[in-house]
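Written below as structure tokens is the structure these notes are about.
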Amino acid sequence: MDHSIDRRSLLLAAATAPAWTTPRTLYAKPTPDTGKSAAMLLHKRVPHNAEPQLQHLVENWITPLEHFYVRSHAPVPQIDLERFTLSIEGLIERPQQLTLAEIRQQFPQQEITATLTCAGNRRSEHSLKKQVDGVPWQAGAIGNARWSGPTLSAVLRHVGLKSGARHVWFEALDEVERPGGVIPFGASIPINKVLDTQSKDPPVLLAHSMNGAPLTPDHGFPLRTIVPGYIGARSVKWLGRIVVSDRPSPNHYVATAYKLVERDEPEQWSAAAPLGEFAINSVICLTSAGHPANAGRLKVQGYALPPGTAGCSIARVQLSADEGHSWSPAQFTEPSQPYCWRLWKANVKVGPQTRSIIARATDNTGQTQPQQVAWNLKGYQFNAWHRVALENGE
Ligand SMILES: Nc1nc2c(c(=O)[nH]1)N[C@H]1C(S)=C(S)[C@@H](COP(=O)(O)O)O[C@H]1N2
Ligand SMILES: [Mo]
């Protein structure tokens with residue numbers, strides 16, 4: 001695949017997408033082929049929801065497009081670049097509409113690496129406690145990519161913030177069908193997350209490229225936000241509008257969804273805070289179980305995600321072959337980077353009694369994955385110790 005970002009590939013991307021007349025016209029044809037591996041576990045074709053097989057996640061620290069999960073609440077909106085603009089409104093001095101060319105040319109472009117993960121990752125394990133609705137994600141709703149575009153802080157400086165600006169809303173060009181009618185997907189983040197980034201940390205980005213190529217339709221072409229450290233739902237694809245406000249967005253995906261509640265009651269929804277930072281996690285993606293040559297020793301590989309809090313990093317990953325009584329350390333394959341996962345490998349001693357292997361990660365502040373997590377209605381943020389059962393052939 002050609003990974004260079006040039007005018008030709010942008011035009012090509014635009015030309016292969018059927019043109020549409022107004023920014024809100026959708027098509028409901030099957031999802032076009034966007035370079036996904038045939039081996040993806042397809043939860044739904046339209047809207048497209050798919051995750052890779054876990055063994056592919058540990059092949060590369062940067063997840064290639066073909067193994068990158070897709071989570072969409074609505075069909076992909078077909079966007080005509082000739083008509084596309086990003087509208088910026090609210091508590092700003094100079095409201096404006098920027099074309100993609102202006103977004104690419106008027107601001108310094110930055111490339112960051114950040115891990116994107118769905119708040120519903122590992123929901124299927126949550127459902128083992130008690131069934132929850134939602135896409136039954138296994139542990140593949142996560143990927144690490146390079147993203148490029150201007151920083152949101154540069155764009156906000158350009159439009160001039162007014163006093164009272166506290167939150168930044170993102171509104172998409174997709175159309176999600178909900179019981180009360182059709183709504184755009186939306187998100188909102190505190191403005192401090194945009195303005196207070198430490199220089200060594202990746203900033204919030206308006207990304208037009210992923211892994212060095214223009215975003216594909218599935219991942220938000222032509223423009224999306226990337227909010228490092230936050231649940232994937234805050235990284236809004238097909239971004240059409242930014243509103244600067246004194247309060248969080250009233251959009252359903254901020255005001256109601258993406259909260260931890262136990263019961264479907266209005267008081268619970270309104271009392272809970274919208275989820276922001278993702279939680280510490282680790283997952284076993286591959287074991288050498290079943291290879292007779294490895295009897296006595298099991299090779300294990302996986303990923304670990306630091307909490308999305310500034311300054312946090314994964315300090316260690318440990319494996320247990322005796323239900324959590326004793327633990328041995330894993331080795332990392334890459335140094336730690338802010339808001340990015342770490343891949344790890346371990347060689348675990350096993351015997352005839354070994355029934356399962358368990359992984360758990362600990363961060364630099366001593367925070368570790370819980371053995372159990374409290375059940376919540378939507379099955380978000382599942383981060384209990386990860387266990388894989390061994391079919392014991394020894
Ligand atoms: N416009 C829009 N943005 C969206 C979504 C969506 O449905 N519509 N899904 C969100 C969710 S829940 C996640 S986890 C990420 C997934 O991004 P990806 O499909 O590029 O992996 O996109 C987020 N941005
Ligand atoms: Mo998500």
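Whatever order the structure lists them in is the order used to number ligands and atoms, beginning at 1. This one's a predicted model, so the numbers in the text were calculated from it and none came from an experiment. Because only heavy atoms are used, hydrogens play no part in the values below, and waters and symmetry mates are left out as well, while side chains stay in.
Of all protein heavy atoms, the one closest to atom 19 (O) of ligand 1 is K237 NZ, 2.6 Å. Protein heavy atom nearest atom 17 (O) of ligand 1, with residue, atom name and distance: R224 NH2, 3.2 Å. In terms of protein heavy-atom proximity, atom 14 (S) of ligand 1 is nearest to Y69 OH, 3.3 Å. Closest to atom 9 (N) of ligand 1, if we only count protein heavy atoms, is R71 O, 3.2 Å. The protein heavy-atom contact nearest to atom 15 (C) of ligand 1 is G232 O, 3.5 Å.
Under 4.0 Å is where a charged nitrogen must lie from a carboxylate oxygen, and between E51 and R71 no such pair does.
The contact set between ligand 1 and A172, taken as ligand atoms under 4.0 Å from a residue heavy atom, comprises 1 (N). Applying the 4.0 Å criterion to heavy atoms of V236 picks out, from ligand 1, the atoms 3 (N), 24 (N). Counting atoms of ligand 1 from 1 in the listed order, those under 4.0 Å from a heavy atom of S235 are 22 (O), 23 (C), 24 (N). Taking every non-hydrogen atom of H219 and a distance limit under 4.0 Å, the qualifying atoms of ligand 1 come out as 18 (P), 19 (O), 20 (O), 21 (O). Per-residue contacts place F68 under 4.0 angstrom from the following atoms of ligand 1 (heavy atoms of the residue considered): 21 (O). Close contacts of ligand 1 with Y258, meaning ligand atoms under 4.0 Å from a residue heavy atom, involve 12 (S). Within ligand 1, counting atoms from 1 as listed, the ones closer than 4.0 Å to a heavy atom of D174 are 1 (N), 2 (C), 6 (C), 8 (N). The atoms of ligand 1 that sit less than 4.0 Å from any heavy atom of S72 are 7 (O).
Side chain of K193 to backbone of H167: no donor-acceptor contact under 3.5 angstrom is found. Of the possible polar contacts, none joining the W147 side chain to the Q110 backbone as a donor-acceptor pair under 3.5 Å is found. Under a 3.5 Å cut-off, the side chain of W169 and the backbone N or O of R247 do form a donor-acceptor pair. Distance alone, capped at 3.5 Å, places no donor-acceptor pair between the S209 side chain and the G212 backbone. Without hydrogens or angle criteria, Q96 side chain to V159 main chain gives no donor-acceptor distance under 3.5 Å. Checked by atom type and distance alone, the side chain of N211 pairs as donor or acceptor with a backbone atom of R146 at under 3.5 Å.
At a heavy-atom cutoff of 4.0 Å, ligand 1 is contacted by the side chain of L116 but not by its backbone. Only the side chain of W238 comes within contact range of ligand 1, with a heavy atom under 4.0 Å; no backbone atom does.
Using cut-offs of 30° and 60° for the angle between ring planes, the Y258 and H73 rings count as perpendicular.
Looking at every heavy atom in both residues, H126 comes nearest to N376 through NE2-N, 3.1 Å. The two atoms that bring F332 and A315 nearest to each other are CE1-O, 3.7 Å, heavy atoms only.
Residue contact annotation: M210 has no non-hydrogen atom under 4.0 Å from ligand 1.
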